[in-house]
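Notes follow once the structure below has been shown.
In listed order, ligands and their atoms are each counted from 1. These numbers come from a predicted model, not from an experiment.
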Amino acid sequence: MKSVAVNGYGTIGKRVADAVSAQEDMKIIGVSKTKPDFEARMAVQKGYDLYISIPEREKLFEQAGIEISGTVDEMLEKADIVVDCTPEGIGARNLETYKKMGVKAIFQGGEKHDNIGLSFNSFANYSDSYGKDYARVVSCNTTGLTRTLKPIDDLCGIKKVRAVMVRRGGDPSQINKGPINAVVPNPPTVPSHHGPDLKTVMYGVDINTVALLVPTTLMHQHNLMVELENPVDVDEIKAKLNETPRVLLVKASEGIGSTAEIMEYAKELGRSRNDLFEIPVWEESLNVVDGELYYMQAVHQESDVVPENVDAIRAMLEMEEDNNKSIAKTNKAMGIL
Ligand code: NAP
């Protein structure tokens, strides 16, 4: 049983903590917070040992009546690996601490690939992280692209990808993010960073992306145009995506015609936090025209990277050499379709 620490118990961290707790071969030894807010209180109520990232704030936690088990450094001493889920940019700063303390660490997509040196996706490059000390699970958008492009590449080869990424303005609880009433080219320069990020896990793929920010908090949405190496018909693509774990074909004709309805479907699945770990692809959008595949998909940004974090733990701690076996274990424990 391996011991996992989660540094940063926010949107991603609390989901990673629950996903790790659901596995048979690993356990959570602590989670961290900087503020004594409701999430800190609920972490303790759930049974997690809570550690504080800013030792000077011990008194604030005491005043709030939230029990702490120590500082982050004390948590790291007990861990085989830490999953860093702190806000963008802080993870890379924490790398020095992890090195000093001799603890392996997984970072999130908000950190730059170059600062960590290795990026991870369960399907594309699992073995590259086997036994490694530091890796970064690519962002929610890049994870979404990889989940569908990798099986397509395996099936018929990819010559070139163009993708238009429609990004949510913020997560549902982020009251200070926007836009409220605008479509924002984001970045306004072309291409966006998403294409280069995909290349950190799907090496050598030819991709260009453009991105827009829109007033929604539910999901990202991607529109893909993929020039194929070898001709296949659309039914072969459907069959391939259908058999791919963590990818779901959904039908607008069955009432799942928007990100709002996908989230309604996720609620019906009855999972904690209404998460959708899988990447839904609209079946009707799949079409091959003149050797080019078109399709549309969505990404539940708060949760799609969570199973990849669990697989990254298994790879880096050498708990499972075969990516498909790790994927199957993670999926079974989390009830992933
Ligand atoms: P978040 O919801 O803001 O949570 C961040 C957590 O880190 C909070 O628990 C916060 O604790 C803690 N924290 C803040 N400052 C800290 C510090 N200086 N030292 C240690 N801990 C600190 O962030 P998130 O959305 O989960 O994002 C985490 C990472 O995942 C980022 O790299 C992000 O880019 C990436 N990511 C996010 C999403 C998404 O859609 N949200 C999707 C994929 C990847 P307090 O609340 O107590 O301050």
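Here is the list of ligand 1 atoms found below 4.0 Å of a heavy atom in Ser53: 19 (N), 20 (C), 21 (N). Taking every heavy atom of Gln108 and a limit of under 4.0 angstrom, the matching atoms of ligand 1 come to 29 (C), 30 (O), 32 (O), 35 (C). Near Arg168, with a cut-off below 4.0 Å to any heavy atom, the atoms of ligand 1 are 39 (C), 40 (O). Those atoms of ligand 1 that come under 4.0 Å of a heavy atom in Tyr9, given as number and element, are 6 (C), 8 (C), 9 (O). Atoms of ligand 1 found under 4.0 Å from any heavy atom of Cys140, numbered from 1 in the order shown, are 42 (C), 43 (C). In summary, the atoms of ligand 1 found under 4.0 Å from a heavy atom of Ile12, numbered by their order in the structure, are 26 (O), 30 (O), 36 (N), 37 (C), 38 (C), 42 (C), 43 (C).
Hydrophobic clustering of Ile, Leu, Val, Met, Phe, Trp and Tyr side chains at less than 4.5 Å, counting indirect connections, keeps Ile116 apart from Phe120.
For atom 41 (N) of ligand 1, the nearest non-hydrogen atom of the protein is Asp171 OD2, 2.6 Å. Nearest non-hydrogen protein atom to atom 3 (O) of ligand 1 is Pro87 CG, 4.3 Å. In terms of protein heavy-atom proximity, atom 18 (N) of ligand 1 is closest to Ile90 CD1, 3.6 Å. For atom 29 (C) of ligand 1, the nearest non-hydrogen atom of the protein is Thr86 O, 3.4 Å. Protein heavy atom closest to atom 46 (O) of ligand 1, with residue, atom name and distance, is Lys33 NZ, 2.8 Å. When hydrogens are left out, the protein atom nearest atom 4 (O) of ligand 1 is Gly10 CA, 3.3 Å; that is the closest non-hydrogen contact. Of all protein heavy atoms, the one lying nearest to atom 12 (C) of ligand 1 is Gly8 CA, 3.8 Å.
Residue Gly110 has at least one nitrogen or oxygen atom sitting less than 3.5 Å from a nitrogen or oxygen atom of ligand 1, judged on distance alone. For the pair Lys35 and ligand 1, the shortest N or O to N or O distance falls below 3.5 Å.
Residues Thr142 and Ser139 bring a donor and an acceptor atom of their side chains to less than 3.5 Å of each other. Tyr203 and Asn125 form a side-chain donor-acceptor contact under 3.5 Å, judged by distance and modelled atom types alone. Inspection of the Asn141 and His222 side chains reveals an N or O donor paired with an N or O acceptor under 3.5 Å.
Considering Gln301, Glu308, Gln174 only, the shortest heavy-atom separation from atom 42 (C) of ligand 1 involves Gln301. Counting heavy atoms only, Thr11 comes closest to atom 24 (P) of ligand 1 of the residues Thr11, Thr143, Thr34, Asn7.
Heavy-atom distances between Cys85 and ligand 1 reach below 4.0 Å in at least one pair. For the pair Ser139 and ligand 1, no heavy-atom separation below 4.0 Å is found. In this structure, Lys14 falls outside the shell of residues with a heavy atom less than 4.0 angstrom from ligand 1.
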Compile the donor-acceptor pairs under 3.5 Å between side chains in residues 148-158 and protein atoms, sequence neighbours left out, one pair per line.
{"unit_1": "Thr148", "atom_1": "OG1", "unit_2": "Tyr295", "atom_2": "OH", "d": "2.9"}
{"unit_1": "Thr148", "atom_1": "OG1", "unit_2": "Gln297", "atom_2": "OE1", "d": "2.8"}
{"unit_1": "Lys150", "atom_1": "NZ", "unit_2": "Asp154", "atom_2": "OD1", "d": "2.8"}
{"unit_1": "Lys150", "atom_1": "NZ", "unit_2": "Asp154", "atom_2": "OD2", "d": "3.0"}
{"unit_1": "Asp153", "atom_1": "OD1", "unit_2": "Ile158", "atom_2": "N", "d": "2.9"}

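Within 6.0 Å of CE on Met42 lie no more than 12 heavy atoms contributed by other residues, nucleotides or ligands. The 12-atom threshold is not exceeded at NZ of Lys112, counting heavy atoms of other residues, nucleotides or ligands nearer than 6.0 Å. Counted within 6.0 Å of CD on Glu67, heavy atoms from surrounding residues, nucleotides or ligands total 12 or fewer; the atom is thus considered open. Counting heavy atoms of neighbouring residues, nucleotides and ligands inside a 6.0 Å radius, atom CD of Gln174 exceeds 12 of them.
Taking the six-membered ring where the residue is Trp, Tyr48 and Tyr9 present perpendicular rings, their angle passing 60° and hence far from 30°.
Qualifying side-chain contact (heavy atoms from CB on, under 4.5 Å) partners for Glu283, counting only residues two or more places apart in sequence or in other chains: Lys238, Leu249, Lys251.
By the definition of a contact as any protein heavy atom under 4.0 Å away, atom 39 (C) of ligand 1 is in contact.
Counting only heavy atoms from C-beta outward, the side chains of Thr146 and Met202 approach each other to under 4.5 Å.
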